[in-house]
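Just passing along the structure, written as structure tokens.
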Amino acid sequence: MADLKQIAENLIQGKAPQVKELVQKAVDEGEDVQKILNEGLLRGMNVVGDKFKKNEFYVPEVLIAARAMKEGMQILRPLLTEEDIKGTGTVVLGTVRGDLHDIGKNLVGMMLEGAAFGVVDLGVDVAPEKFVQVAQEKNADIIGLSALLTTTMPAMKDVVSSLNKSNLKGKIKVMIGGAPVTQDYADEIGADGYAPDAASAVDKAKELLPA
Ligand code: B1M
């Protein structure tokens, strides 16, 4: 019988080959795919997120766990139907115009993928209109913006303005983050959400999804 708890434990320890092997074994044994995702991979990733928030885990541990998650998801994703992954959404993610910092943004992307969100990563130095255009094309739920420089934070406001000018106003939510960014700033520019770290970004993204 598949041991889903063992998948979660190996994921927390970042043991990618073991996670891959255990997920494959669970699939071969006929375990429900949604159950493997929820009670194996996602349960482990939630623990990683909690530990990261409490400073019990740091960036390297999270990156290693996220890599293990990715290995497991590579096996599960083709087996999951649209219905199975209902409840998670699509995030178009990027670092704003003029800003080349991407370590935090990549971490946010991995954690979102770890929580079974679809992530379209546009990279760094992304123009405001590009975020809106791709979000429309991909039928995204959320645009996620990262900025690490005080000088590039205003580009976040440009994305909100660009979205408000489009016919997607209110339909796509904007979540922002990055070292100099605050909740006050999110309120000031009319962003729908702010998250201080990658684990909180997952919680916030879930909160922003339509009910
Ligand atoms: Co730059 N840099 N940098 N830098 N850099 C900072 C940000 C700085 C604080 C350093 C300093 O002076 N003490 C400073 C900014 C000052 C300011 O504006 N207040 C600075 C500067 C000035 C610059 C340059 C202008 C330097 C120069 O050329 N004179 C230049 C700008 C280039 C540009 O962007 N146009 C520059 C360049 C670079 C490098 C290219 C060398 C490199 C980036 C490499 C890369 O990213 N691929 C770099 C780095 C590495 C840093 C520091 C050292 C580290 C940033 C980092 O990766 N942190 C940084 C100083 C520091 O922070 N100690 C600094 C780790 C990462 C995991 O954290 O990105 O905060 P962070 O992400 C967190 C949260 O913020 C949050 O979750 C993440 C994980 O928990 N989060 C989100 C991030 N995005 C989110 C999005 C969300 C939600 C949460 O929703 C969508």
Side-chain angles (χ1 to χ4, degrees), residues 12 14 45-67 69-70 88-135 138 140-163 168 171-209:
I12 296 163
M45 211 57 195
N46 284 339
V47 174
V48 173
D50 281 349
K51 284 185 178 290
F52 185 54
K53 275 190 220 163
K54 290 184 201 151
N55 290 325
E56 289 170 16
F57 267 17
Y58 294 98
V59 173
E61 284 107 322
V62 177
L63 290 175
I64 292 165
R67 195 183 56 193
M69 174 85 193
K70 220 170 183 171
T88 55
T90 301
V91 181
V92 169
L93 183 67
T95 304
V96 295
R97 184 161 59 192
D99 201 321
L100 303 176
H101 296 85
D102 67 357
I103 298 168
K105 183 262 299 167
N106 292 345
L107 200 53
V108 170
M110 283 188 216
M111 292 291 277
L112 286 169
E113 280 180 349
F117 275 85
V119 175
V120 183
D121 190 341
L122 299 181
V124 297
D125 189 17
V126 181
E129 307 74 32
K130 179 85 180 170
F131 281 107
V132 178
Q133 179 209 324
V134 176
K138 301 285 178 188
D141 304 285
I142 298 167
I143 292 176
L145 306 173
S146 183
L148 262 285
L149 300 171
T150 44
T151 49
T152 56
M153 281 167 64
M156 293 179 146
K157 189 172 183 211
D158 296 340
V159 178
V160 174
S161 305
S162 185
L163 188 62
L168 299 166
K171 290 186 192 147
I172 297 179
K173 306 285 185 193
V174 177
M175 172 170 74
I176 66 173
V181 180
T182 60
Q183 180 63 55
D184 281 351
Y185 188 68
D187 296 341
E188 186 188 318
I189 66 169
D192 301 284
Y194 155 75
D197 56 60
S200 313
V202 172
D203 297 338
K204 184 53 75 179
K206 285 180 184 163
E207 212 180 292
L208 292 176
L209 285 178

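The first residue in the sequence is number 1, and the count goes up from there. All values derive from a computational prediction rather than experimental measurement. We count ligands from 1, going down the list as the structure has it; atoms in each ligand are counted the same way. Below, each value reflects all heavy atoms present in this structure, side chains not excepted, and no hydrogens, waters or symmetry copies.
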Quiz item: What do you think, any protein heavy atom under 4.0 angstrom from atom 76 (C) of ligand 1?
Solution: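 At least one protein heavy atom is under 4.0 Å away.
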Practice problem: Flag atom 59 (C) of ligand 1 as yes if some protein heavy-atom distance to it falls below 4.0 Å, otherwise no. | Solution: no
Self-check item: Any Gly98 heavy atom less than 4.0 Å from ligand 1
Solution: yes
Quiz item: Just which atoms of ligand 1 are under 4.0 Å from any heavy atom in Gly178?
Solution: 75 (O), 81 (N), 82 (C), 83 (C), 84 (N), 85 (C)
Quiz item: Heavy atoms only: which of Ile103, Leu63, Asn106, Val96 is nearest to atom 57 (O) of ligand 1?
Solution: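 Considering heavy atoms of Ile103, Leu63, Asn106, Val96, the nearest to atom 57 (O) of ligand 1 sits in Ile103.
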Practice problem: Count the heavy atoms belonging to other residues, nucleotides or ligands that lie under 6.0 Å from NZ of Lys157, then report whether that count exceeds 12. | Solution: no
Exercise. Could you tell me the residue and atom name of the protein heavy atom closest to atom 89 (C) of ligand 1, and the distance to it rounded to 0.1 Å?
Key: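 Sorting protein heavy atoms by distance from atom 89 (C) of ligand 1 puts Ala195 O, 3.2 Å first.
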Practice problem: Give, for atom CG of Leu145 and atom CE of Met175, the distance between the pair rounded to the nearest 0.5 Å. | Solution: 9.0 Å
Self-check item: Protein heavy-atom partner closest to atom 18 (O) of ligand 1 - residue, atom, separation in Å
Solution: Thr150 N, 2.9 Å
Quiz item: At under 4.0 Å between heavy atoms, which part of Leu145 makes contact with ligand 1: side chain, backbone, both or neither?
Solution: backbone
Self-check item: Numbered atoms and elements of ligand 1 in range of Gly144, under 4.0 angstrom, heavy atoms
Solution: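 This gives 91 (C) as the contact atoms.
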Quiz item: Are there protein heavy-atom neighbours of atom 62 (O) of ligand 1 below 4.0 Å?
Solution: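 When distances to the protein are checked, atom 62 (O) of ligand 1 has no heavy atom within 4.0 Å.
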Quiz item: Counting each atom of ligand 1 from 1 as listed, which ones have a heavy atom of Phe52 under 4.0 Å away?
Solution: 80 (O)
Practice problem: Please report the C-alpha distance between Lys105 and Asp99 in whole Å, then the side-chain angles of each, then the deciding distance to 0.1 Å, and finally whether the salt bridge (charged side-chain N to carboxylate O under 4.0 Å, His left out) criterion is met. | Solution: CA-CA 11 Å; Lys105 183 262 299 167; Asp99 201 321; over 6 Å; no
Practice problem: Write down the atom of Ala179, the atom of Leu148, and the distance for their closest heavy-atom approach. | Solution: CB-CD1, 3.8 Å
Quiz prompt | Option whose closest heavy atom lies nearest to atom 84 (N) of ligand 1, chosen from Ser146, Ala199, Gly104 | solution =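 The option holding the nearest heavy atom is Ser146.
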Quiz item: Does the protein place any heavy atom closer than 4.0 Å to atom 8 (C) of ligand 1?
Solution: no
Practice problem: Could you tell me which atoms of ligand 1, counted from 1 in the order shown, lie closer than 4.0 angstrom to a heavy atom of Asp99? | Solution: 34 (O)
Self-check item: Atoms in ligand 1 with a heavy atom of Leu107 nearer than 4.0 Å
Solution: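 Near Leu107, the atoms of ligand 1 are 79 (C).
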Practice problem: Decide whether an N or O pair under 3.5 Å exists between Thr151 and ligand 1. | Solution: no
Quiz item: Which atoms form the tightest heavy-atom contact between Val48 and Ala65, and what is the distance?
Solution: CG2-CB, 3.8 Å
Quiz item: Which one of Pro196, Gly177, Ala201, Ser200 has a non-hydrogen atom at the shortest distance from atom 74 (C) of ligand 1?
Solution: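 Going through Pro196, Gly177, Ala201, Ser200 one by one, Pro196 has the nearest heavy atom to atom 74 (C) of ligand 1.
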Quiz item: Can you list the atoms of ligand 1 that are under 4.0 Å from a heavy atom of Asp102?
Solution: 45 (C), 46 (O), 47 (N)
Quiz item: Under the side-chain contact (heavy atoms from CB on, under 4.5 Å) criterion, do Ile189 and Ile176 qualify, and how do the steps go?
Solution: CA-CA 10 Å; Ile189 66 169; Ile176 66 173; 4.1 Å; yes
Quiz prompt | Tally, protein N/O/S atoms nearer to atom 1 (Co) of ligand 1 than 2.8 Å | solution =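 There are 1 of them.
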Quiz prompt | Test side chain to side chain contact (heavy atoms under 4.5 Å, CB included) applied to Thr151 - qualifying residues, sequence neighbours left out | solution =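 Result, side chain to side chain contact (heavy atoms under 4.5 Å, CB included) vs Thr151: Leu149.
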Quiz prompt | Separation of Met45 CE from Ile12 CD1 (nearest 0.5 Å) | solution = 10.0 Å
Quiz item: Has the side chain of Thr95 got a donor or acceptor atom that lies under 3.5 Å from a matching backbone atom of Leu100?
Solution: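 Not at all, since once roles are kept as given, no pair shorter than 3.5 Å links the two residues.
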Quiz item: What closest approach, in Å, do Val96 and Ala147 show between heavy atoms, and which atom pair accounts for it?
Solution: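 Smallest heavy-atom distance, with atoms named: CG2-CB, 3.7 Å.
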Exercise. Can you measure from CG (Leu208) to CD1 (Ile142) and round to the nearest 0.5 angstrom?
Key: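 Here the interatomic distance stands at 5.0 Å.
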Quiz item: Nearest protein heavy atom to atom 26 (C) of ligand 1: under 4.0 Å?
Solution: no
Exercise. Taking all non-hydrogen atoms of both residues into account, name the closest pair between Val202 and Phe117 and its distance.
Key: O-CE1, 4.5 Å
Exercise. Measure the CE-CG distance between Met110 and Leu93 for me, rounded to the nearest 0.5 Å.
Key: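 Met110 atom CE to Leu93 atom CG measures 11.0 Å (nearest 0.5 Å).
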Quiz item: With sequence neighbours excluded, what pairs up with Leu107 under the side chain to side chain contact (heavy atoms under 4.5 Å, CB included) test?
Solution: Phe52, Val59, Val62, Leu63, Ala198
Self-check item: Distance in Å, Met69 CE paired with Met111 CE, rounded so as to fall on 0.5 Å steps
Solution: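 Answer for the CE-CE pair, Met69 versus Met111, is 10.0 Å.
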Tell me which donor-acceptor pairs under 3.5 Å the side chains of residues 122-134 have, and how far apart each pair is, sequence neighbours excluded?
residue, atom, partner, partner atom, Å
Asp125, OD1, Gly98, N, 2.7
Gln133, NE2, Glu137, OE2, 2.9

Exercise. Could you go through the side-chain contact (heavy atoms from CB on, under 4.5 Å) check for Phe57 and Val47 one step at a time?
Key: CA-CA 10 Å; Phe57 267 17; Val47 174; over 6 Å; no
Quiz item: Does the protein put a heavy atom under 4.0 Å from atom 40 (C) of ligand 1?
Solution: no
Quiz item: Is atom 13 (N) of ligand 1 close to the protein, meaning a heavy atom under 4.0 Å from it?
Solution: no
Quiz item: To the nearest 0.1 Å, how far is atom 80 (O) of ligand 1 from its closest protein heavy atom, and which atom is that?
Solution: Ala198 N, 3.2 Å
Exercise. Would you mind running through ligand 1 and noting each atom that sits below 4.0 Å from a heavy atom of Asp197?
Key: 76 (C), 77 (O), 80 (O)
Quiz item: Is atom 21 (C) of ligand 1 in close reach of the protein, with a heavy atom under 4.0 Å away?
Solution: yes
Exercise. Measure the spacing between CZ of Arg97 and CE of Met156 and express it to the nearest 0.5 Å.
Key: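 That separation rounds to 13.5 Å.
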